[in-house]
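Notes follow the structure.
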Amino acid sequence: MQVPEFAPQPSQVLYVAVADHVAARIAAGDLKPGARLPSERDLAAEYRTSYVTMRRATEVLRERGLIVTVHGRGTFVAEHPQEEPTEGA
């Protein structure tokens, strides 16, 4: 599975678009379980967003069960990322 280029739609909330793209990278195996993510500041620079936007995106990813943050160590891809809920399920 290839991850599409990050290209948020004008009608899409930016932090959700970033979270969706990182989730796609995890699903594609680009970011493997247990892998340490770059810092939120580094990710913000990579996605050309503000630190606050990236912070909100990581909150969404944590809520989805895709990443875990260990105080003093960093943020990692969850060992067993939760499946995205499907509509009607």
Contact check, side chains of [X] and [Y], non-hydrogen atoms, under 4.5 Å:
X     : Y     : value
Thr58 : Ile67 : yes
Arg62 : Val68 : no
Phe76 : Leu37 : no

task: Using the side chain to side chain contact (heavy atoms under 4.5 Å, CB included) rule, take Val18 and Phe6 through it: C-alpha gap first, then chi angles, then the decisive distance, then the call.
output: CA-CA 8 Å; Val18 171; Phe6 179 64; 3.6 Å; yes
Tell me the closest heavy-atom pair linking [X] and [Y], and the distance in Å.
X     : Y     : result
Leu66 : Ala23 : CD1-CB, 3.5 Å
Leu61 : Ala19 : CD2-O, 3.4 Å
Asp42 : Pro38 : CB-CB, 4.0 Å
Pro8  : Ala17 : CB-CB, 3.6 Å

- request: Check the pair Arg25 / Asp20 against salt bridge (charged side-chain N to carboxylate O under 4.0 Å, His left out), numbers first and verdict last.
  value: CA-CA 9 Å; Arg25 291 173 64 187; Asp20 288 348; over 6 Å; no
query: Partners of Arg55 by salt bridge (charged side-chain N to carboxylate O under 4.0 Å, His left out), sequence neighbours excluded?
result: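 Partners of Arg55 under the salt bridge (charged side-chain N to carboxylate O under 4.0 Å, His left out) test: Glu40.
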- prompt: Are Val22 and Tyr15 connected, step by step, through hydrophobic side chains (Ile, Leu, Val, Met, Phe, Trp, Tyr) whose heavy atoms are closer than 4.5 Å?
  reply: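 Each belongs to a different hydrophobic cluster.
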query: Distance from Arg41 atom CZ to Glu46 atom CD, nearest 0.5 Å?
result: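 CD of Glu46 is found 16.0 Å from CZ of Arg41.
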- prompt: Between atom CE of Met54 and atom CG of Leu43, what is the distance when rounded to the nearest 0.5 Å?
  reply: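 Separation between the atoms: 4.5 Å.
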- prompt: Do the side chain of Arg56 and the main chain of Leu14 share a donor and acceptor less than 3.5 angstrom apart?
  reply: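 Not at all, since once roles are kept as given, no pair shorter than 3.5 Å links the two residues.
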Thr75 vs Arg36, side-chain hydrogen bond (donor to acceptor under 3.5 Å, both in side chains): CA-CA, chis, key distance, verdict: CA-CA 6 Å; Thr75 300; Arg36 185 170 189 230; over 6 Å; no
